[in-house]
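We count residues from 1, following the sequence as given. Any value given below was found using the heavy atoms of this structure, including those in side chains, with hydrogens, waters and symmetry copies removed.
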Amino acid sequence: MAELETLTARSSRMRTAPPRRASGAAPSTVASAPAPSARPRRRGRADAGPFWLIRGFLVATIALAFSTLERTEVWPNRSRLIATFKAPFFIEHKVHIGSQLPNVQLLLPSAADPEPDSYVMTQDLFNGKQVLLLSTPMAFSPGCSNKHIPGYMQALDRLKARGIDMIAVVTMDTPFVMHAWAEQLGASEEFLFLSDVSGQLAKSLGTTFQAGPFGLRPTRFAMMLVDMNITRWEIETEGNLKSSTADMFLANLS
């Protein structure tokens with residue numbers, strides 16, 4: 001019995017022990033296969049979907065922001081506009097000489113709350129008339145109050161001699177401001193001051209610009225209308241008061 005247990009233990013050791021290499025035998029050329037290395041898995045197109053969507057969204061947002069800045073003229077001319085009310089030279093006008101003035105709603109000047117008949121349409125005001133329409137960036141501003149409108153007041157007889165039936169002044173201020181401005185200038189009898197407080201006319205003409213802290217303002221211009229048709233249009237695009245002055249406008253008026 002003891003001999004049987006001894007033989008069994010020896011047989012077990014022989015099965016588990018590694019084979020011994022014979023003396024002088026060449027080493028085995030069979031190499032054991034290396035353990036597979038843990039390589040990082042490359043991201044495929046399916047995994048990159050959310051990444052491309054996010055990047056595309058960011059690019060589109062940036063492009064839209066730049067496009068909006070160019071349309072509103074905020075960015076390229078911001079520093080000049082804040083100081084001088086310079087309208088950018090690349091303003092894209094929506095109507096041109098030969099076009100008809102858009103039919104939009106304006107407000108008559110008033111010191112009290114507007115009445116229903118204070119709201120007027122440009123078609124009702126200007127149709128069948130020869131009208132000189134003056135646009136200014138802001139009521140009571142130095143250039144508008146000291147030179148632009150007073151120049152036309154001094155040239156009133158020459159304007160009437162040209163057959164002009166009405167001279168209207170419009171800007172994006174309230175009817176109360178327009179009333180006070182007309183009184184301050186002493187022009188309420190001969191000039192019609194109109195409030196484009198919501199900017200309907202200026203926006204429909206494409207003549208708005210961003211004037212820094214003053215917000216969206218209309219460009220300065222002088223326009224001749226004959227039965228609502230634009231026959232002459234002098235727009236100040238560099239912030240100077242030149243082509244839209246009374247003397248220059250009358251000199252160029254055919």
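Looking only at distances, no side-chain donor or acceptor of Asp124 sits under 3.5 Å from a matching main-chain atom of Val120. Remark: the backbone N or O of Cys144 is not paired with any side-chain donor or acceptor of Thr136 at under 3.5 angstrom. A donor-acceptor pair is defined here as one N or O able to donate and one able to accept, closer than 3.5 Å; no such pair exists between the side chain of Ser195 and the backbone of Phe176.
Separating the OG atom in Ser135 from the CG atom in Asp196 is a distance of 8.0 Å, to the nearest 0.5 Å. Here the NE2 atom belonging to His179 is positioned 14.5 Å from the CG atom belonging to Asp173, to the nearest 0.5 angstrom. Between atom OG of residue Ser204 and atom CG of residue Asn103 there is a gap of 9.5 Å, rounded to the nearest 0.5 Å. Taken from CG in Leu159 to CD1 in Ile164, the straight-line distance is 4.5 Å, to the nearest 0.5 Å. The CD atom of Gln100 lies 6.0 Å from the CD atom of Gln123; values are rounded to the nearest 0.5 Å. Separation of atoms CZ (Phe249) and CG (Leu134) is listed at 8.0 Å; rounding is to 0.5 Å.
Taking both residues in full, the closest heavy atoms of Glu236 and Ser243 are given as OE2-N, 2.9 Å, listed atom of the first, atom of the second, then distance. Ala202 and Met172 make their closest contact through CB-SD, 4.1 Å (heavy atoms, listed as atom of the first residue, atom of the second, distance). Of all heavy-atom pairs spanning Arg232 and Asn252, the tightest one is NH2-CB, 2.9 Å. The shortest non-hydrogen separation linking Ala155 to Leu250 is CB-CD1, 3.9 Å. Nearest heavy atoms, Ala246 versus Gly151: CB-O, 3.4 Å. Closest approach of Met153 to Gly186, counting heavy atoms only: CE-O, 3.9 Å.
In the hydrophobic clustering of this structure, Val104 groups with Met166; members are Ile, Leu, Val, Met, Phe, Trp, Tyr whose side-chain heavy atoms approach within less than 4.5 Å, directly or through other members. Ile149 is not connected to Met248 by any chain of hydrophobic side-chain contacts under 4.5 Å among Ile, Leu, Val, Met, Phe, Trp and Tyr, and they are in different clusters. With hydrophobic clusters built from ILVMFWY side chains whose heavy atoms lie under 4.5 angstrom apart, Val226 does not share a cluster with Trp233. When hydrophobic clusters are built by joining Ile, Leu, Val, Met, Phe, Trp and Tyr residues whose side-chain heavy atoms come closer than 4.5 Å, directly or via intermediates, Val197 is not grouped with Phe214. In the hydrophobic cluster analysis, where Ile, Leu, Val, Met, Phe, Trp and Tyr join through side-chain heavy atoms closer than 4.5 angstrom, Leu107 is grouped apart from Leu192.
The closest side-chain heavy-atom distance from Leu156 to Ile167 is below 4.5 Å. At a threshold of 4.5 Å between non-hydrogen side-chain atoms, the residues Tyr152 and Leu132 count as touching. Taking the side chain as every heavy atom from C-beta outward, Phe221 and Leu205 approach each other to under 4.5 Å. The side-chain heavy atoms of Gln130 and Thr231, taken from C-beta on, include no pair separated by under 4.5 Å. Counting heavy atoms from C-beta outward, Val95 and Ile230 have side chains that approach closer than 4.5 Å.
A salt bridge does not link Lys242 with Asp247: every distance from a Lys NZ or Arg NE/NH1/NH2 to an Asp or Glu carboxylate oxygen is 4.0 Å or more. Salt-bridge formation is not detected for the pair Arg220/Glu234: no Lys NZ or Arg NE/NH1/NH2 atom is positioned less than 4.0 Å from an Asp or Glu carboxylate oxygen.
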Self-check item: Residue pair Leu108, Leu194: steps toward the side-chain contact (heavy atoms from CB on, under 4.5 Å) verdict
Solution: CA-CA 5 Å; Leu108 296 174; Leu194 298 168; 3.8 Å; yes

Exercise. Would you check, one step at a time, whether the test salt bridge (charged side-chain N to carboxylate O under 4.0 Å, His left out) holds for Asp157 with Arg162?
Key: CA-CA 9 Å; Asp157 292 337; Arg162 292 295 188 101; over 6 Å; no

Self-check item: side-chain contact (heavy atoms from CB on, under 4.5 Å) between Leu201 and Leu101, intermediate numbers included
Solution: CA-CA 9 Å; Leu201 180 61; Leu101 186 74; 4.0 Å; yes

Practice problem: Apply side-chain contact (heavy atoms from CB on, under 4.5 Å) to Leu253 and Met224, showing your working. | Solution: CA-CA 9 Å; Leu253 193 62; Met224 179 64 72; 3.8 Å; yes

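Between Phe193 and Phe191, the two ring planes are tilted [angle within 30° to 60°].
The closest side-chain donor-acceptor pair between Thr171 and Trp181, if any, does not fall under 3.5 angstrom.
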